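Working notes, beginning with the structure itself.
Position 1 is the first residue of the sequence; numbering continues from there. A quick note: this is a predicted structure, and the numbers were derived from the prediction, not measured.
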Amino acid sequence: YRANPLGTSQPDDVSLLLPSLSERMNLRLEEGEARSNSNETQNTLLALAIIDEQWNHAIARLQNKTSHKEAHQEHAHLHQNGDSVVWLPLHEACSRNPPKNLIHHLCMAYAEGFFKKDSRGRLPIHIACESGCSVDVIKYLLNVNPDSVNVKDNAGQMPKECLRQQHRNFASVLRVIEEHEISLKQE
């Protein structure tokens with residue numbers, strides 16, 4: 001502990017003041033249980049781990065086959081601008097630039113999720129392109145659902161049109177998508 005400007009002491013490690021992942025999950029579960037009475041979807045422990053970007057925890061849940069059903073459960077996500085969307089844990093992960101390993105485990109738990117649209121008509125590939133996911137994640141999504149590259153969302157956009165130029169891997173992802181489009185035409 002050290003003294004702060006107010007003369008009180010605080011821990012040297014500020015993270016000690018933050019609630020642990022399990023405490024946050026318990027709090028969110030309690031909040032979710034209260035919301036579930038109002039017809040809102042409840043977050044699963046898998047969804048909470050993904051929201052908190054606790055990739056190892058999410059992977060551990062997916063390695064437990066009894067938790068696979070969590071990959072099938074949609075939940076509501078409230079964006080900072082006040083909009084909400086209902087989507088699967090896979091969509092949530094794609095919005096947060098996850099490691100490819102997590103995407104693989106989500107595929108093993110619920111491959112059909114790669115073909116499911118969120119409440120805005122977006123497939124996981126749309127969200128991954130919009131969020132600036134790695135080239136490896138984009139390739140994985142395209143390998144599981146090759147035709148997703150040609151699917152339009154509710155706004156009429158295909159995944160390539162969801163790419164944002166400010167993302168660090170814009171050119172690489174664009175090249176992967178365009179090569180994928182060419183290979184689909186040649187088949």
Side-chain angles (χ1 to χ4, degrees), residues 28-29 32 35-36 38-55 57-164 167 173 176-177 180-181 183-184 187:
R28 287 184 178 168
L29 282 175
R35 284 194 310 263
S36 67
S38 65
N39 294 328
E40 289 186 31
T41 57
Q42 179 177 340
N43 289 335
T44 63
L45 293 176
L46 173 62
L48 292 172
I50 292 171
I51 290 166
D52 286 339
E53 298 182 12
Q54 298 292 322
W55 308 130
H57 182 77
I59 290 168
R61 287 209 59 79
L62 290 164
Q63 289 173 332
N64 177 353
K65 295 211 185 282
T66 60
S67 299
H68 276 198
K69 65 182 182 286
E70 293 182 31
H72 301 227
Q73 296 177 351
E74 292 182 327
H75 65 279
H77 175 89
L78 184 64
H79 292 283
Q80 290 177 343
N81 65 4
D83 290 345
S84 69
V85 64
V86 177
W87 55 17
L88 293 168
L90 173 60
H91 295 80
E92 183 78 54
C94 288
S95 76
R96 297 174 181 280
N97 197 11
K100 183 177 106 176
N101 193 25
L102 174 63
I103 300 300
H104 169 73
H105 284 284
L106 284 163
C107 182
M108 296 296 100
Y110 187 50
E112 294 86 0
F114 287 74
F115 300 85
K116 299 280 184 179
K117 292 182 176 185
D118 68 7
S119 60
R120 294 184 183 163
R122 298 176 301 174
L123 293 168
I125 188 74
H126 289 91
I127 297 163
C129 287
E130 182 179 293
S131 301
C133 281
S134 71
V135 170
D136 288 339
V137 167
I138 299 294
K139 285 181 179 179
Y140 195 96
L141 294 169
L142 290 172
N143 284 333
V144 175
N145 185 357
D147 294 328
S148 65
V149 74
N150 294 316
V151 175
K152 292 183 178 183
D153 63 12
N154 292 352
Q157 292 188 315
M158 291 193 291
K160 180 170 63 174
E161 297 164 328
C162 295
L163 284 171
R164 298 190 181 184
H167 290 307
V173 170
V176 165
I177 290 175
H180 185 80
E181 289 172 332
S183 71
L184 282 178
E187 290 179 0

The reported gap from SG in Cys162 to CD1 in Ile177 (rounded to nearest 0.5 angstrom) is 9.0 Å

Taken to the nearest 0.5 Å, the spacing of Asn97 CG from Trp55 CH2 works out to 7.5 Å

d(Met108 CE, Gln63 CD) to nearest 0.5 Å is 12.5 Å

So CD of Glu70 and NE2 of His75: to nearest 0.5 Å the spacing works out to 11.5 Å

Sequence neighbours excluded, the answer for side-chain contact (heavy atoms from CB on, under 4.5 Å) partners of Ala71 is Leu46, Leu62, Leu106, Ala109, Tyr110

Between Cys107 and Val144, the two heavy atoms sitting closest are SG-CG2, 3.9 Å

(request) May I ask you to test the Leu142-Lys139 pair for a side-chain heavy-atom distance under 4.5 Å? (result) no

dist Trp87:CH2 -> Cys94:SG (nearest 0.5 Å) comes out at 9.0 Å

Residue set satisfying side chain to side chain donor-acceptor pair (under 3.5 Å) with Asp147, at least two apart, ordered chain then number -> none

4.5 Å side-chain heavy-atom contact, Phe114 and Leu88: no

task = Keeping the roles fixed (side chain from His180, backbone from Pro146), state whether a donor-acceptor pair exists under 3.5 Å.
result = yes

Residues Cys133 and Pro98: closest non-hydrogen pair is SG-CD, 3.7 Å

The complete set of salt bridge (charged side-chain N to carboxylate O under 4.0 Å, His left out) pairs with one or both residues in residues 79-89, sequence neighbours excluded, reads Asp83-Arg120

task: Using the six-membered ring wherever Trp is involved, compare the ring planes of His104 and Tyr140 and label them parallel, tilted or perpendicular (cut-offs 30° and 60°).
output: perpendicular

Residues at least two apart in sequence or cross-chain that pass side chain to side chain donor-acceptor pair (under 3.5 Å) with Asn101, listed by chain then number, are His105

Checking Leu45 against Arg61 for the side-chain contact (heavy atoms from CB on, under 4.5 Å) test, could you report, in this order, the C-alpha distance in whole Å, the side-chain angles of both residues, the deciding distance, and whether it holds? CA-CA 8 Å; Leu45 293 176; Arg61 287 209 59 79; 3.5 Å; yes

Residues passing the side-chain contact (heavy atoms from CB on, under 4.5 Å) test with Lys117, sequence neighbours excluded, are Leu123, Val151

Between Pro124 and Gly113, the two heavy atoms sitting closest are CG-O, 3.6 Å

With sequence neighbours left out, the residues meeting side chain to side chain donor-acceptor pair (under 3.5 Å) with Arg96 are Glu92

The side-chain contact (heavy atoms from CB on, under 4.5 Å) partners of Asn64 (sequence neighbours excluded) come to Thr66, Ser67

The side-chain contact (heavy atoms from CB on, under 4.5 Å) partner of Pro89 among Ile51, Leu48, Ile50 is Ile50

The complete set of salt bridge (charged side-chain N to carboxylate O under 4.0 Å, His left out) pairs with one or both residues in residues 121-130, sequence neighbours excluded, reads Asp118-Arg122, Arg122-Glu130, Glu130-Arg164

Between the CG atom in Leu90 and the OG atom in Ser95, the distance rounded to the nearest 0.5 Å is 10.0 Å

Hits for side chain to side chain donor-acceptor pair (under 3.5 Å) against His72, two or more places apart or cross-chain, chain-then-number order -> none

So the side chain to side chain donor-acceptor pair (under 3.5 Å) pairs with at least one residue in residues 149-163 (sequence neighbours excluded) are Lys160-Glu181

Hits for side-chain contact (heavy atoms from CB on, under 4.5 Å) against Ser119, two or more places apart or cross-chain, chain-then-number order -> Val85, Val86

